[in-house]
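This report concerns only the one structure given below.
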Protein chains: 2
Amino acid sequence: MGTNQLYKGSLSTIILKLLGEKGRMYGYQITQEVKAISSGEYVITEGALYPMLHKLEAQGLLTVEIEMTGNRMRKYYSITNNGKKEVVDRMTEMESFIRNMQSLLNPKIDLA
Amino acid sequence: MGTNQLYKGSLSTIILKLLGEKGRMYGYQITQEVKAISSGEYVITEGALYPMLHKLEAQGLLTVEIEMTGNRMRKYYSITNNGKKEVVDRMTEMESFIRNMQSLLNPKIDLA
DNA sequence: AAAAATACATAAATAACTTATGTATTTGAT
DNA sequence: ATCAAATACATAAGTTATTTATGTATTTTT
């Protein structure tokens with residue numbers, strides 16, 4: 001996520017939305033997907049990712065299944081019904097945020 | 001800023017951009033302006049605002065002039081030349097952030 | 001054979017905020 | 001006239017999302 005402070009607060013929304021769209025994903029896969037979609041601009045650190053996945057699971061928004069690929073562990077996360085409801089709210093919030101930023105940063109009308 | 005975590009990290013950008021557009025403003029005025037433009041959705045708390053203004057001043061991005069309106073103090077902030085340069089970078093970051101969020105949250109193409 | 005990538009994890013430190021508290025003046029409502 | 005709300009500044013303590021650092025182990029690439 002580099003030096004760009006703006007991504008702060010968006011991680012859980014991204015994870016939930018991605019799992020809502022793609023179905024099952026494992027942690028490392030999420031980081032790669034987000035990096036690819038954002039052209040390398042959004043690099044999720046492991047220290048942020050894993051605690052967040054555990055938190056969302058604890059909140060009942062995700063469930064996890066452990067699978068072994070050879071000797072390597074993968075923890076596949078899926079979104080729950082509560083998670084799907086949460087995604088709807090998060091999308092509304094994100095749209096509202098983006099709209100507000102556009103008003104604040106591209107002021108066409110002077111409201112003062 | 002309510003419970004919406006997304007606004008985290010955007011405060012300094014908002015302040016710098018607003019001062020770049022409007023010229024001089026004082027702290028309280030900034031909170032009212034932002035609240036008005038965002039239809040009450042972005043409420044800047046005083047505990048966030050004043051430390052941030054002091055920080056931006058310490059970084060040489062803002063300058064301050066104290067004025068008295070009757071017996072009441074106002075601290076008018078203006079953007080410096082360095083501040084104007086910073087705004088350009090912040091706008092690029094914000095555009096990039098919004099573009100990335102739109103790709104991540106409205107995935108038209110599957111890049112996996 | 002060694003380095004890089006894959007795949008998980010946690011702990012300490014940092015930074016941006018919220019909440020709480022403080023002071024004081026001015027405006028608006030009853 | 002009085003009291004509440006709004007105006008206007010400030011700082012300190014607590015919270016939380018993150019970064020940075022560290023750890024373990026397997027698999028792939030050079």
Side-chain angles (χ1 to χ4, degrees), chain A residues 1-16 24-36 40-59 61-62 64-77 90 93-94 97 112, chain B residues 1-16 24-36 40-59 61-62 64-77 90 93-94 97 112:
Chain A
M1 146 178 170
T3 59
N4 193 337
Q5 302 288 342
L6 295 171
Y7 290 92
K8 268 184 210 289
S10 65
L11 179 58
S12 57
T13 301
I14 298 298
I15 293 173
L16 288 169
R24 277 161 38 110
M25 291 181 84
Y26 57 97
Y28 186 78
Q29 187 184 6
I30 293 173
T31 66
Q32 299 310 299
E33 184 82 2
V34 168
K35 185 152 66 174
E41 289 180 55
Y42 195 168
V43 176
I44 301 173
T45 59
E46 294 167 294
L49 174 73
Y50 293 113
M52 183 58 78
L53 287 172
H54 301 161
K55 185 183 173 185
L56 295 173
E57 193 200 343
Q59 290 175 337
L61 306 178
L62 301 181
V64 67
E65 292 166 300
I66 297 173
E67 282 184 28
M68 299 308 285
T69 311
N71 287 322
R72 172 172 286 170
M73 177 178 62
R74 278 182 182 168
K75 293 178 78 172
Y76 279 91
Y77 288 89
R90 300 294 189 101
E93 277 179 8
M94 182 63 81
F97 171 74
Chain B
M1 155 178 162
T3 59
N4 192 334
Q5 301 288 344
L6 294 171
Y7 291 91
K8 263 184 212 292
S10 65
L11 179 58
S12 56
T13 301
I14 298 298
I15 293 173
L16 288 169
R24 276 161 40 111
M25 291 180 85
Y26 57 97
Y28 187 78
Q29 187 184 7
I30 293 173
T31 67
Q32 299 310 300
E33 184 82 2
V34 168
K35 185 152 66 175
E41 290 181 54
Y42 196 167
V43 177
I44 300 173
T45 60
E46 293 166 295
L49 174 73
Y50 294 112
M52 183 57 78
L53 287 172
H54 302 161
K55 184 183 173 186
L56 295 173
E57 193 200 343
Q59 290 174 338
L61 305 178
L62 302 181
V64 67
E65 292 165 301
I66 297 174
E67 280 184 29
M68 299 308 285
T69 311
N71 288 322
R72 171 171 288 169
M73 176 177 62
R74 279 182 182 169
K75 293 178 78 170
Y76 280 91
Y77 289 89
R90 299 294 188 103
E93 277 179 9
M94 182 63 80
F97 171 76

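Per chain, numbering begins at 1; letters A, B, ... match sequence-line order. In what follows, every heavy atom counts, from backbone to side chain, and hydrogens, waters and symmetry copies are set aside.
- To the nearest angstrom, C1' of D:dA6 lies 12 Å from CZ of B:Arg74.
- The phosphate of C:dA15 has neither OP1 nor OP2 within less than 4.0 Å of any side-chain N or O from B:Lys55.
- Here D:dA8 presents its P atom at 17 Å from CD of B:Glu65, a figure rounded to the nearest Å.
- Between A:Asn4 atom CG and C:dA16 atom P the separation is 13 Å, expressed in whole Å.
- Set against D:dT18, D:dT27, C:dT18, the side chain of A:Asn71 has D:dT27 as its closest nucleotide.
- Following rounding to the nearest Å, A:Leu6 (CG) and C:dA15 (P) show an atom-to-atom distance of 17 Å.
- If you measure from atom CD1 of B:Ile14 to atom C1' of C:dC17, you get 15 Å, rounded to the nearest angstrom.
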Please tabulate the protein-to-nucleotide N/O contacts below 3.5 Å involving nucleotides 10-14 of chain D, giving atom names and distances.
from, atom 1, to, atom 2, distance (Å)
D:dA10, OP1, B:His54, NE2, 3.2
D:dA10, OP1, B:Lys75, NZ, 2.6
D:dA10, OP2, B:His54, NE2, 3.1

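- In this structure, A:Tyr7 and A:Tyr42 have tilted ring planes: the angle between them lies in the 30° to 60° band.
- Residues A:Ile14 and A:Ile30 form no side-chain contact, since every pair of their non-hydrogen atoms from C-beta on lies 4.5 Å or further apart.
- Between the CD atom of B:Gln59 and the P atom of C:dA15 there is a distance of 11 Å, rounded to whole Å.
- Looking at A:Gln29, its side chain does come within 3.5 Å of a backbone N or O of A:Tyr26 through a donor-acceptor pair.
- Here the P atom of nucleotide D:dT18 and the OH atom of A:Tyr7 are 13 Å apart, to the nearest Å.
- Remark on DNA chain D: of its neighbouring residues B:Tyr26 and A:Ser12, the 5'-side contact belongs to B:Tyr26, judged by nearest-heavy-atom nucleotide.
- Between atom CE of residue B:Met68 and atom CE of residue B:Met73 there is a gap of 7.0 Å, rounded to the nearest 0.5 Å.
- Atom CD1 of A:Ile44 and atom P of D:dT19 are 9 Å apart (whole Å).
- No engagement by B:Thr31 is indicated, since no non-hydrogen atom pair under 4.0 Å with the nucleic acid exists.
- B:Ser10 contributes atom OG, which lies 11.0 Å from atom CD of A:Gln5 (distance to the nearest 0.5 angstrom).
- Between A:Arg24 and A:Glu67 there is a salt bridge, since a side-chain N of the basic residue sits under 4.0 Å from a carboxylate O of the acidic one.
- Rounding to the nearest 0.5 Å places OH of A:Tyr77 at 12.5 Å from CG of A:Leu16.
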